[in-house]
Number of protein chains: 2
Amino acid sequence: MNAGRTARERARAELTEEIKTAARQQLATVGAEALSLRAISRELGMVSSALYRYFASRDELLTALIIDAYDALGAAAEAAPSGGDPVDDWIAVYAAVRDWARANPQEYALIYGSPISGYQAPQTTVQPASRVPLLLLGLLQRAQASGRLVTPPDAPSPSGALAQQTEVLVALAPDVPPAVLVRTVIVWTQLFGMLSFELFGQLVGSMDPADEFFASASRQMAAFVGLS
Amino acid sequence: MNAGRTARERARAELTEEIKTAARQQLATVGAEALSLRAISRELGMVSSALYRYFASRDELLTALIIDAYDALGAAAEAAPSGGDPVDDWIAVYAAVRDWARANPQEYALIYGSPISGYQAPQTTVQPASRVPLLLLGLLQRAQASGRLVTPPDAPSPSGALAQQTEVLVALAPDVPPAVLVRTVIVWTQLFGMLSFELFGQLVGSMDPADEFFASASRQMAAFVGLS
DNA sequence: ACAGAAACGAGAGCAGTGCTCTTGACAGTG
DNA sequence: CACTGTCAAGAGCACTGCTCTCGTTTCTGT
């Protein structure tokens with residue numbers, strides 16, 4: 001539909017991409033909340049008001065960057081080496097997520113740090129945001145099919161409202177037992193809690209550098225959800 | 001030593017506290033990075049430059065707020081009801097931390113969200129920051145003494161660099177086995193990952209509201225470190 | 001008790017920000 | 001060719017953190 005019809009449209013798409021690239025560069029150096037439209041326009045040799053032809057506001061630019069970041073992280077996680085062994089695959093996903101986060105700390109902070117004040121994330125971000133959890137769920141679903149997922153005996157089956165909330169995940173991975181699905185959410189939060197602590201400097205003084213701790217946690221979390 | 005010697009010193013301490021209170025109010029409404037010295041000064045009926053007599057920079061004010069937030073969270077966690085049963089106490093600490101975070105989301109974001117751009121946390125913050133982990137370690141140490149801590153059989157003992165890093169924790173809780181100490185760091189990161197996801201809106205669409213999920217996770221994490 | 005030092009609030013000013021509005025130039029279509 | 005919509009440019013608004021100077025108040029050493 002919009003595959004570069006007129007010269008105008010092509011130029012517009014190109015410049016939009018250039019703006020995002022410049023914004024990402026500035027993001028990497030000064031951080032998210034210090035991102036300045038004027039600085040971006042200066043970098044591109046244009047005037048600040050011209051940017052508003054491409055992004056209606058600073059928030060809209062941020063939204064585009066957030067979606068791009070989620071997509072980049074999702075792509076990095078999905079590109080993790082998959083050798084077939086569920087535990088190894090699980091650990092590879094963890095490592096890929098960590099590698100991407102360490103390589104793009106500001107973009108990581110953009111999506112998993114504190115929300116930007118006055119900024120409301122639009123619905124458009126939730127689909128790219130769910131790529132990593134979906135990847136983990138798919139991995140568990142396949143492991144279950146191949147008999148490599150053994151529900152831990154001490155994993156309590158959810159009841160009440162928790163069981164109801166788990167239904168959303170059951171629809172995505174129907175063969176994975178609800179008790180494991182709850183644990184999946186637990187380890188999902190653990191993964192990003194661990195990464196945030198490492199990147200935001202909370203581990204300094206204890207588990208920093210975090211390579212070995214991360215490796216141990218990955219493996220223990222794989223066992224925690226029942227992978228073997 | 002500095003218990004209000006001269007009138008000047010008393011006035012200074014009072015005004016310093018007033019500034020922080022006004023800053024906290026503004027923090028709660030507009031967020032951390034939108035915190036404006038001019039707005040604070042306006043609120044207090046003084047001129048912006050006068051604030052610089054009390055805080056050398058915006059960063060210094062932020063540091064004071066960060067330390068206060070860590071201390072408030074630490075105090076809230078330490079004030080959790082302690083009935084003697086280790087599992088119940090553990091869950092009570094979790095609940096107290098969550099309650100404080102939900103009651104003070106902006107202050108939570110200030111200390112556990114993305115670091116503020118261009119802001120370097122000084123060494124002064126690490127001691128208040130470690131109150132919650134120290135509390136958990138103390139709980140485990142006491143549970144161990146009363147035989148309520150059973151090292152999980154599948155918890156791997158750390159080796160290599162990880163074992164060395166664990167030494168810091170061994171010094172704090174000498175009776176707790178290293179394997180449990182590593183798991184303590186894991187659950188510590190899980191707790192704040194879970195809280196960040198809840199507060200920053202990452203759970204919307206799955207485990208939100210998170211009350212039951214949080215309760216289940218607290219209990220499962222207590223079991224994960226070996227409490228019984 | 002009193003002079004000097006230190007601390008203080010007020011105000012002006014600098015360089016920067018996001019964003020709006022108007023103006024004039026250009027490209028695409030009839 | 002003329003019309004229409006898109007574009008970059010620039011001025012301007014209200015705001016920010018921060019610095020400097022000013023006259024005043026408060027503390028302190030003698």
Side-chain angles (χ1 to χ4, degrees), chain A residues 1-20 22-23 25-27 29-66 110 115-120, chain B residues 1-20 22-23 25-27 29-66 110 115-120:
Chain A
M1 187 135 136
N2 48 6
R5 268 256 308 267
T6 74
R8 257 256 238 294
E9 281 175 1
R10 264 183 288 119
R12 184 179 179 83
E14 234 170 75
L15 199 43
T16 305
E17 211 48 53
E18 272 182 50
I19 292 171
K20 287 203 285 185
Q25 280 175 4
Q26 208 192 324
L27 196 70
T29 60
V30 301
E33 77 254 22
L35 196 146
S36 151
L37 293 186
R38 289 177 121 106
I40 295 171
S41 69
R42 241 179 281 130
E43 184 107 0
L44 295 176
M46 51 198 323
V47 95
S48 70
S49 55
L51 288 189
Y52 287 83
R53 303 280 181 193
Y54 298 88
F55 296 96
S57 68
R58 187 172 175 273
D59 278 10
E60 200 169 281
L61 213 197
L62 280 175
T63 299
L65 293 178
I66 286 172
L110 189 62
I116 291 130
S117 156
Y119 171 81
Q120 186 74 6
Chain B
M1 188 134 135
N2 49 2
R5 269 258 306 272
T6 74
R8 229 216 203 32
E9 281 174 1
R10 262 183 290 116
R12 182 180 181 84
E14 235 171 75
L15 199 42
T16 304
E17 211 48 53
E18 272 183 49
I19 293 171
K20 288 202 287 184
Q25 280 175 4
Q26 208 190 324
L27 196 70
T29 61
V30 301
E33 78 254 19
L35 195 147
S36 150
L37 292 187
R38 287 178 121 108
I40 295 171
S41 69
R42 243 178 283 131
E43 183 106 3
L44 295 177
M46 51 200 321
V47 96
S48 73
S49 57
L51 288 188
Y52 287 82
R53 302 281 182 194
Y54 299 87
F55 296 95
S57 68
R58 186 174 175 273
D59 278 10
E60 200 169 281
L61 212 197
L62 280 175
T63 298
L65 293 177
I66 286 172
L110 188 63
I116 292 128
S117 155
Y119 171 80
Q120 185 74 5

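Reminder, nothing fancy here: chain letters follow the sequence lines and each chain counts from 1. Side chains are part of it too, since the values below use all heavy atoms of this structure and drop only hydrogens, waters and symmetry mates. In this text, all values refer to a predicted model and were calculated from it rather than measured experimentally.
Residues Phe55(B) and Leu62(B) form no side-chain contact, since every pair of their non-hydrogen atoms from C-beta on lies 4.5 Å or further apart.
Between the side chain of Glu60(B) and the main chain of Ala56(B), a donor-acceptor pair closer than 3.5 Å is present.
In this structure, OG1 in Thr16(A) is found 11.0 Å from CD in Glu9(A), a value given to the nearest 0.5 Å.
Leu15(A) comes within 4.0 angstrom of the backbone, heavy atoms only, and of no base.
Of all the heavy atoms in Ala22(B) and Ile40(B), the pair that sits closest is CB-CG2, 4.0 Å. Nearest heavy-atom pair, Leu27(B) versus Leu110(B), reported as atom, atom and distance to 0.1 Å: CD2-CD2, 4.0 Å. Residues Ser36(B) and Ala39(B) come closest through the heavy atom pair OG-N, 2.9 Å.
The end-to-end axis angle of the helix from dA1(C)-dT30(D) to dG30(C)-dC1(D), rounded to 10 degrees and based on five pairs per end, is 10°.
We find that OH of Tyr54(B) is positioned 8 Å from C1' of dG9(C), with the value rounded to whole Å.
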Take nucleotides 15-24 of chain C nucleotide by nucleotide from the 5' end and write B, S or -, depending on whether a protein heavy atom sits under 4.0 Å from the base, only from the sugar-phosphate, or from neither.
--BBBBB---
Pairs of donor and acceptor atoms involving the side chains of residues 41-52 of chain A, under 3.5 Å and at least two apart or interchain, shall be tabulated with distances.
unit_1   : atom_1 : unit_2   : atom_2 : d
Ser41(A) : OG     : Leu37(A) : O      : 3.4
Ser41(A) : OG     : Arg38(A) : O      : 2.7

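Put simply, the residue from Glu17(A), Arg12(A), Glu18(A), Lys20(A) that forms a side-chain contact (heavy atoms from CB on, under 4.5 Å) with Tyr54(A) is Arg12(A).
Listed by chain and number, the residues in a side chain to side chain contact (heavy atoms under 4.5 Å, CB included) with Glu14(A) amount to none (sequence neighbours excluded). Applying the side chain to side chain contact (heavy atoms under 4.5 Å, CB included) rule to Arg53(B) yields no partners; only residues at least two apart in sequence or on another chain are considered.
Reading DNA chain D from its 5' end, the first and the last nucleotide to sit under 4.0 Å from a heavy atom of chain A are dG5(D) to dG12(D).
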